[in-house]
Amino acid sequence: MTDARPTVAVVGATGAVGRTMVEILGERSFPASGLRLMASHRSAGSVVDTAWGPIEVEDLAQADPAGIDIALFSAGGDRSRRYAPAFADAGATVIDNSSAFRMDPDVPLVVAGVNDAAIADAPRGIVANPNCTTMALLMATGPLHELAGLRRLVASSYQAVSGSGQAGIEVLSQEVAMLSADREALVRGGWKDPGNALYQRPIGFNVVPLAGSITDAGYTDEEWKLVNETRKILGAPDVAVEPTCVRVPTMAGHGIAATMWFDRPVSRAEAIEVLEGSPGVEIWDDDRVPTPLDSAGRDDVLVGRVRGTLGEPGGISLWVVGDNLRKGAALNAVQLAELLLR
Ligand code: A2P
């Protein structure tokens, strides 16, 4: 008798998101008959403890995709572009965490719990996992769009360094250690630039109001993702999105301060009622302020500071924060794999 349970692969299994994917597959007792792990030749041969026992990491460049049913990719856009189509051709459904295929009209872009039905239409055998900031934002915005039709959205992100992978975590740790050696210089000036290669300016004890790199019209690629992915996920190509993406010195948890207006006025009470009824969203009231530290390690996104707009009444301002490695990446990918099994 053949085993009907799927064989799952995690590509980029040694990275910040990939390791979280492996953990979450185990935590949720994903019904896989087997798990394969892939990364670069640097990690090939290393062994990872998983819920399926110790598994040796394979070199992606040498790996044979035959027999894989579901492949979760988080090894960067270049690897996705190069290998994901071959995995799909070999029979796998690829769930890709990179931005490589997100805007491809033949690739659904799905936030589990917001636009689940879209996953059914994946003619290339590839499903895209949205950008981590868009994901957290849409967990709050999606249900409100459903309620009243989103028309306009102003969003400023506060993005953690783990969004840049393991390298971001290293850079922040090193800079905090180096810069805190001279606290006086941090207060009065004269600090020495540690000179990281990842961000435009130091990130330790600092805020960098430019996450990603500038592309069109003075906006960064991260900001364009917020615009384009929001429209695609909501199926609302005319929604006006005004994004500013900021990198902040937190390890995990992307926060977004957002103000939105709809086809009709929405009251604070109405917004809270809808969000309280939305799976995967936890409302924290005003004396319990949800912060990135609170979000780390949690599956739910946290929403707080829900207010009616002042200048142009009828809109809603709120703060949403979510673990960028979990709902923002690995958890959503695993939830999409669960949707595929249904
Ligand atoms: P490796 O650890 O062997 O370099 P992060 O985003 O946290 O930096 O993780 C990136 C993931 O992508 C890691 O698992 C990394 O593997 C993997 N990766 C990076 N470059 C390649 C490559 N050329 N081929 C396969 N996997 C890669």
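In each ligand, atom 1 is the first atom listed, and ligand 1 is the first ligand listed. Values reported hereafter were calculated over all heavy atoms of this structure, with side chains retained and with hydrogens, waters and symmetry mates removed. Because the structure is a prediction, the values reported are computed rather than measured.
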Protein heavy atom at shortest distance from [atom]:
atom                    : value
atom 17 (C) of ligand 1 : A75 CB, 3.9 Å
atom 22 (C) of ligand 1 : R79 CD, 3.3 Å
atom 13 (C) of ligand 1 : T14 OG1, 3.4 Å
atom 8 (O) of ligand 1  : Q166 N, 3.9 Å

Give the numbers and elements of all ligand 1 atoms closer than 4.0 Å to a heavy atom of [X].
X   : result
A13 : 14 (O)
S43 : 1 (P), 2 (O), 3 (O)
A39 : 3 (O), 14 (O), 16 (O), 25 (C), 26 (N)
R42 : 4 (O), 19 (C), 20 (N)
G15 : 5 (P), 7 (O), 9 (O), 13 (C), 14 (O)
L60 : 25 (C)
A16 : 7 (O)

R151 to W261, cation-pi by 6.0 Å centre distance and 45° axis angle: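 No, R151 does not sit over the ring of W261.
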Can you find a heavy atom in the side chain of [X] that is under 4.5 Å from one in the side chain of [Y]?
X    : Y    : answer
E223 : T244 : yes
F73  : S98  : no
P85  : R124 : yes
M38  : I68  : yes
D294 : T291 : yes
L318 : L144 : yes
V111 : K327 : yes

Polar contact flag for A167 and ligand 1 (N/O pairs, less than 3.5 Å):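 N/O-N/O distance below 3.5 Å does not exist for this pair.
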Distance-only N or O hit between ligand 1 and G165, under 3.5 Å: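 No, there is no polar N/O contact under 3.5 Å.
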Part of M38 within contact of ligand 1 (heavy atoms, under 4.0 Å):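 The answer is neither.
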Close aromatic pair by centroid cut-off 6.0 Å: W319 and Y158: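 Under 6.0 Å, so yes.
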